[in-house]
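Note: hydrogens, waters and symmetry copies are ignored here, and every other heavy atom, side chains too, is used. Just so it is clear: chains get the letters A, B, ... in the order the sequence lines come, proteins before strands, and each one is counted from 1.
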There are 2 protein chains.
Amino acid sequence: MALEHAILVSLDERSGSGYELAQRFEKSIGFFWAATHQQIYRTLKRMVDLGWVSCHEVAQDGRPDKKVYEVTEAGHGELARWLASPGEPETIRHDLSVKVRGASLGDPEALMDEIARHRALHAERLDVYLAIEKKDFPAPSALSGRRLHQYLVLRGGIRGEQALIEWCDEVLAAMREDDRR
Amino acid sequence: MALEHAILVSLDERSGSGYELAQRFEKSIGFFWAATHQQIYRTLKRMVDLGWVSCHEVAQDGRPDKKVYEVTEAGHGELARWLASPGEPETIRHDLSVKVRGASLGDPEALMDEIARHRALHAERLDVYLAIEKKDFPAPSALSGRRLHQYLVLRGGIRGEQALIEWCDEVLAAMREDDRR
DNA sequence: GGGTGCAGTGCAACTAGTTGCATAGGTTCC
DNA sequence: GGAACCTATGCAACTAGTTGCACTGCACCC
């Protein structure tokens, strides 16, 4: 399971509270590993029990207290172990493909709308990624270490969204063509 | 949830037993919706309760009896309803991206091996898909209806694997370059 | 002064998927 | 004759993720 490890990676980049982590999982790290605040709080608790992170409360004025977590020695060990250990590719579960496969059993117009909607969502995500690429990584060939790794992951997001958009376009074109006949 | 709907699509293509379905989920439909035989048996039972499929036992000689399922009127209704209803894109959880993002916290050589291994797995899958494309869909522009939809889903698999392979190559090249410096 | 929204943490109940095991007769290979 | 594998169905226990809700208190807007 990788939520623990995603949290370790994120906390290593910068220590923070569950709330702050939840925000990071809304963007950056969340672009390739989804998690809600519920999961994060629950997992952080488990990670404290495992000794992978330590926790200290921080009083704040004008806002509620918070618990700041940071990666321990044991946490770094676990992270290194996990990084070197082989993993399987994610299992694929792609809703929209099931719908396309079953297209002839429903209303083709409605399905094409649905595909167009997904295309738009992916185009939106792609725009976000491209904006980050342009703003944060204007000179990619000069990158190294951590920054390079962040950039490479972003590249994966860009490639993935592009592939999905192109697929949606192919499906829409073929279905329209088939419709006309 | 789409397992029910994937089963409906598959049973509509051809009625069959839980065992036969499980085999289909090892290939064809399983390429874009993963499911184990456990899940399938459990879900089929629920679907009988919901009235989406009907079930009759078939005695066989030389092998155990089997239960053959087929889609009911209600099942077709549910499928049509689901096909027309909007769904969210799958939530992304990509292990390997987490590992790349955390690359500087572990052994870079081991991680590069891991990426190369994934690249090989995706290349293998791509070969399978391309072989199916060549064998089953030699003249795609002539396709229509059900066969066209099957082809389009396969195209999605091909595009996805290609994108992943290219990404792995980009990551490997960049990390090797970074290593040299 | 009242509503909305943010910062912050968390429980409880649920759904979905995974893993390991059980059973049982038949075939195939050595 | 025994081991391994195929067809066929299923239970039980577990892990992971989702959804809905609860509580506090400050800030900001109208």
Closest listed nucleotide, where the reference is the side chain of B:Y19 and the choices are D:dT9, C:dG8, C:dT19: D:dT9

Spacing between B:E88 atom CD and D:dT19 atom P, to the nearest angstrom: 10 Å

Contact check, side chains of A:E4 and A:T43, non-hydrogen atoms, under 4.5 Å: yes

Closest listed nucleotide, where the reference is the side chain of A:Y41 and the choices are D:dG17, D:dT7, C:dT9: C:dT9

Upstream residue (5' side of DNA chain D) when B:D65 and A:A35 are each assigned their closest nucleotide: B:D65

Donor + acceptor pair across side chains of B:R147, B:Q150 (<3.5 Å): yes

First encountered from the 5' end of DNA chain D, between A:P64 and B:Q60: B:Q60

Minimum-distance nucleotide to B:S17 side chain [options: C:dT18, D:dT9, C:dA7]: D:dT9

Candidates C:dG8, D:dT19, D:dT9 - which lies nearest the side chain of A:T36: D:dT19

Check: A:L152 and B:M175 side chains under 4.5 Å, non-hydrogen atoms: yes

Within-4.5 Å side-chain heavy-atom neighbours: A:W82 and B:K99: yes

Side chain of B:R93 - closest among C:dG8, C:dG10, D:dT18: D:dT18

A:H37 NE2 - D:dG20 P separation (whole Å): 13 Å

A:E20 side-chain proximity, nearest of C:dG10, D:dG10, C:dG8: C:dG8

Nucleotide nearest B:R46 when distance is taken to its side chain, options D:dT18, C:dT9, C:dA16: C:dA16

Proximity to the side chain of A:Q39 - top-ranked nucleotide from C:dA7, D:dG10, D:dT18: D:dT18

Rounded distance in Å - CD (B:E90) to P (D:dA16): 20 Å

Beyond-backbone contact of B:H94 with B:L164, side-chain heavy atoms, under 4.5 angstrom: yes

Under-4.0 Å side-chain N/O to phosphate OP1/OP2 contact, A:K67 with C:dG10: yes

Donor-acceptor pair under 3.5 Å, A:R42 side chain vs D:dT18 base: yes

Integer-rounded Å distance: C:dT18 P and B:Q38 CD: 11 Å

